[in-house]
Structure formats: structure tokens, C-alpha cells
Amino acid sequence: MATVSIPENTTALLLDIEGTTTPITFVKDILFPYIKDNLEEYLSAHWEEDECKQDVHLLKKQVEEDLRLHRACAQHSLDQSGHTDEEKAIREVVDNVLWQMASDRKTTALKQLQGHMWRVAYAAGRIKGEVYQDVVPSIRRWRRQGLKVYIYSSGSVEAQKLLFGYSVEGDVLDLFNGHFDTNIGTKVESKSYERIAERMGCPPEEIMFLTDVTREAKAAEDAGVNVAVVVRPGNMELTEEERSHYNLITTFSQLEVTGSA
Ligand SMILES: CSCCC(=O)C(=O)COP(=O)(O)O
Ligand SMILES: [Mg+2]
């Protein structure tokens, strides 16, 4: 198994979740179906609570933005009048959320609601966060070697903490120095990586980002961040050009700090 060097000046590793620390199938076959199956019941049960009201408010803001950019179809828009009865309003939220999920959108509004819904399932032991076997030992090794380790996922920070707090390996939240989500910007915008570097208090060149998505890798590279593309079973196929351009790893154990044995 070929090793890939973590550049010598690196002080922090930044990790994607889906397709990188965690199988895509966990997200697509466990997490997302949970939302689809429980959405209407969840909204009905929590509709009058502040947190749920804020989630719905954020979804409405997203619809306004989508309409402004001509992205939303009329039947998937939330009612803007505010003069609708509760059942109809819930139905509209359900339709909008399912529409967003069908296109695998990564909006902050969608991800915030999903995070709140998963909380109950994790706490009740109905879901355990999957992580590839190489993930925890590799991160522990990097931490011993003095590197900081952060997560950057489209999943909300709350959803990230649930996944690692209730993981198949137990509570492994101590692995991470911090978490970032789309509140800092989308993962395909290079500005997001500049902001993350600012928040970490280091230049982008000291960060190495691991992801399965080459559009994210390109955005990070454009910001000056070093990247390795993670190839896991079920991840999107890479083109020949991508395969030759990026450092590829199939497991975290391949990543070695330069100069370490
Ligand atoms: C953080 S758990 C939920 C995963 C999720 O909703 C998602 O969109 C994953 O996106 P990623 O940026 O980790 O590929
Ligand atoms: Mg990913």
C-alpha cells in the first residue's frame, strides 16, 4: 500500500464525512430514509416549539432565495402568505424537504432540520454513526504526532457531533479540535476554505483537506489548501485526469507525516 506524505509544514487536517470518514451508504440508506420516514410525524409533534419554528423559518428563507434565483418549482415552494392552516403548512414543509433531499441539496436550512431530527434517533440507540475502521486509529496517530484534526461537512455541526458522539466506536468526539459546516460557506467555494484557515488561525498552506468530491478538492486547492482525494467503495468514479492530478488514498493509514517512520 503506497503511502502519501502529509506536507511537512502541515498543522491541521480537515476531514469531510460522507465518502471520507463514513460510507456513503450510511448516509443514503440509514440517515436519509430516517428523515423521509419520520418527517411528517416529527413536524406535527414539534410544530409549536421554538427550535422547529426556527427550522421552518430557515426553510422559508431558502425558498425565497430559490425563487429569487429561479431554482424552486412552484409546487415545492413553501406558502409565503402565513395564512394557511397547520396541516397544510406541514404538508408544504414536507414536500419542500423531500424535494430538496431528492436533489441531494446541501442547504443549511435542510441540514439544520435533519440534525435536529437525528438527535432523537441517536440518543435512543436507533442509529449509530458509522466510521471506517482506519479512521479512529489514524486520527489518534496524527494527534500524537502534533496535528490538529477538524471536520468540514455539509451536515450541520450538530449532526456531525451526533455521528461521532454516538458512533460504532463509541463517543470519539475527543478526536476533533473543531467542526465546520455550511454556515462558513459551501464546500465547493474556495472562500470557505480561506475562512476556515482564518478561524483555525493558520495559513491555508498548513491545512490538508481529505474529501471524496473533486469539486470540493478543487475549491480547497484554489484557496491554497493541500488535498488528498479519498477513494472508498461506492464513491463517485474519478476521471483519468482527476486520478493523475490528485493524491489518492483508499485508507487513512496511507497518510504519513513527512519524516515519520
Ligand atoms: C454529518 S452527518 C450527515 C451527512 C450529510 O447530511 C451530508 O450532507 C454529508 O455531506 P458531506 O459534506 O460530509 O459529504
Ligand atoms: Mg463527501
Side-chain angles (χ1 to χ4, degrees), residues 16-66 71-80 82 84-132 151 153-173 179 181-183 186-187 234:
D16 162 62
I17 294 182
E18 184 185 352
T20 298
T21 63
T22 297
I24 288 182
T25 48
F26 172 67
V27 178
K28 299 272 188 285
D29 298 344
I30 309 265
L31 289 182
F32 288 175
Y34 177 86
I35 300 293
K36 290 176 191 160
D37 293 347
N38 293 283
L39 184 56
E40 189 153 3
E41 193 185 325
Y42 176 89
L43 290 171
S44 303
H46 299 278
W47 192 249
E48 291 302 332
E49 293 167 20
D50 283 350
E51 184 182 84
C52 188
K53 283 184 181 165
Q54 280 162 20
D55 290 348
V56 171
H57 176 73
L58 210 56
L59 286 163
K60 288 194 177 191
K61 295 281 252 193
Q62 182 62 51
V63 169
E64 281 164 19
E65 175 73 1
D66 286 344
R71 271 200 301 239
C73 307
Q75 71 267 33
H76 300 303
S77 304
L78 299 188
D79 178 78
Q80 300 294 301
T84 173
D85 62 49
E86 187 174 306
E87 250 174 42
K88 183 162 173 266
I90 290 174
R91 192 66 245 162
E92 283 167 352
V93 174
V94 169
D95 287 348
N96 179 269
V97 167
L98 295 182
W99 169 69
Q100 289 204 52
M101 289 182 70
S103 343
D104 197 17
R105 295 190 74 193
K106 307 283 187 183
T107 63
T108 303
L110 173 66
K111 296 294 156 185
Q112 180 173 300
L113 171 70
Q114 288 176 333
H116 291 152
M117 285 186 64
W118 288 321
R119 192 195 290 144
V120 183
Y122 279 110
R126 285 175 66 185
I127 296 181
K128 275 194 195 309
E130 267 186 53
V131 283
Y132 283 109
I151 293 287
S153 168
S154 305
S156 67
V157 166
E158 183 165 2
Q160 299 172 20
K161 289 184 176 172
L162 288 167
L163 193 153
F164 292 107
Y166 295 95
S167 88
V168 287
E169 311 261 356
D171 179 351
V172 292
L173 278 172
H179 297 257
D181 62 19
T182 53
N183 280 301
T186 73
K187 293 172 78 187

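Here, residue 1 is the first one in the sequence, and each next residue gets the next number. Here the structure is a predicted model, which is why all the values come from computation and not from measurement.
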Please say whether more than 12 non-hydrogen atoms of neighbouring residues, nucleotides or ligands are located less than 6.0 Å from CD in Glu49. yes
Less than 4.5 Å apart, any side-chain heavy atom of Lys106 and any of Thr186? no
Which residues pass the ring-ring contact (aromatic ring centres under 6.0 Å, His included) test with His179, sequence neighbours left out? Phe176
For Asp16, enumerate each residue passing the salt bridge (Lys or Arg N to Asp or Glu O under 4.0 Å) test, keeping only those at least two apart in sequence or located in another chain. Lys187
For the CG atom of Leu110 and the CD atom of Gln100, what is their distance to the nearest 0.5 Å? 5.0 Å
Does any donor atom in the side chain of Ser154 or Thr182 lie under 3.5 Å from an acceptor atom in the other side chain? no
Review item, side-chain donor-acceptor pairs of residues 26-43, under 3.5 Å, at least two apart:
{"residue": "Lys28", "atom": "NZ", "partner": "Glu18", "partner atom": "OE2", "Å": "2.9"}
{"residue": "Asn38", "atom": "ND2", "partner": "Tyr34", "partner atom": "O", "Å": "2.8"}
{"residue": "Glu40", "atom": "OE1", "partner": "Arg91", "partner atom": "NH1", "Å": "2.8"}

Intermediate values then yes/no, side-chain contact (heavy atoms from CB on, under 4.5 Å), Asp181 and Thr108: CA-CA 8 Å; Asp181 62 19; Thr108 303; 5.8 Å; no
Provide the full list of salt bridge (charged side-chain N to carboxylate O under 4.0 Å, His left out) pairs with a residue in residues 110-120, sequence neighbours left out, each pair given once. Glu51-Arg119, Arg119-Glu158
Who passes side chain to side chain contact (heavy atoms under 4.5 Å, CB included) against Ala109, sequence neighbours left out? Leu58, Leu59, Gln62, Thr107
Hey, are the side chains of Val97 and Met117 touching, using non-hydrogen atoms and a 4.5 Å cut-off? no
Just how far is it from atom OH of Tyr132 to atom OG1 of Thr21, taken to the nearest 0.5 Å? 9.0 Å
Rounded to the nearest 0.5 Å, what separation is found between the CG atom of Asp95 and the CD1 atom of Ile90? 12.0 Å
Show which side-chain atoms of residues 161-170 pair as donor or acceptor with protein atoms under 3.5 Å away, not counting sequence neighbours.
{"residue": "Ser167", "atom": "OG", "partner": "Glu169", "partner atom": "N", "Å": "2.9"}
{"residue": "Ser167", "atom": "OG", "partner": "Gly170", "partner atom": "N", "Å": "3.3"}
{"residue": "Ser167", "atom": "OG", "partner": "Gly170", "partner atom": "O", "Å": "2.7"}

If you take all heavy atoms of Tyr122 and Gly129, which pair is closest and at what distance? CE2-N, 3.7 Å
Any side-chain heavy atom of Glu92 sitting closer than 4.5 Å to one from Asn96? no
Verify, without hydrogens or angle tests, whether Ser103 (side chain) and Trp99 (backbone) share a donor-acceptor contact under 3.5 angstrom. yes
side-chain contact (heavy atoms from CB on, under 4.5 Å) for His46 and His116? Distances and angles first, verdict last. CA-CA 11 Å; His46 299 278; His116 291 152; over 6 Å; no
Any idea which heavy atoms bring Gly115 and Ser156 closest together, and the distance? CA-OG, 4.0 Å
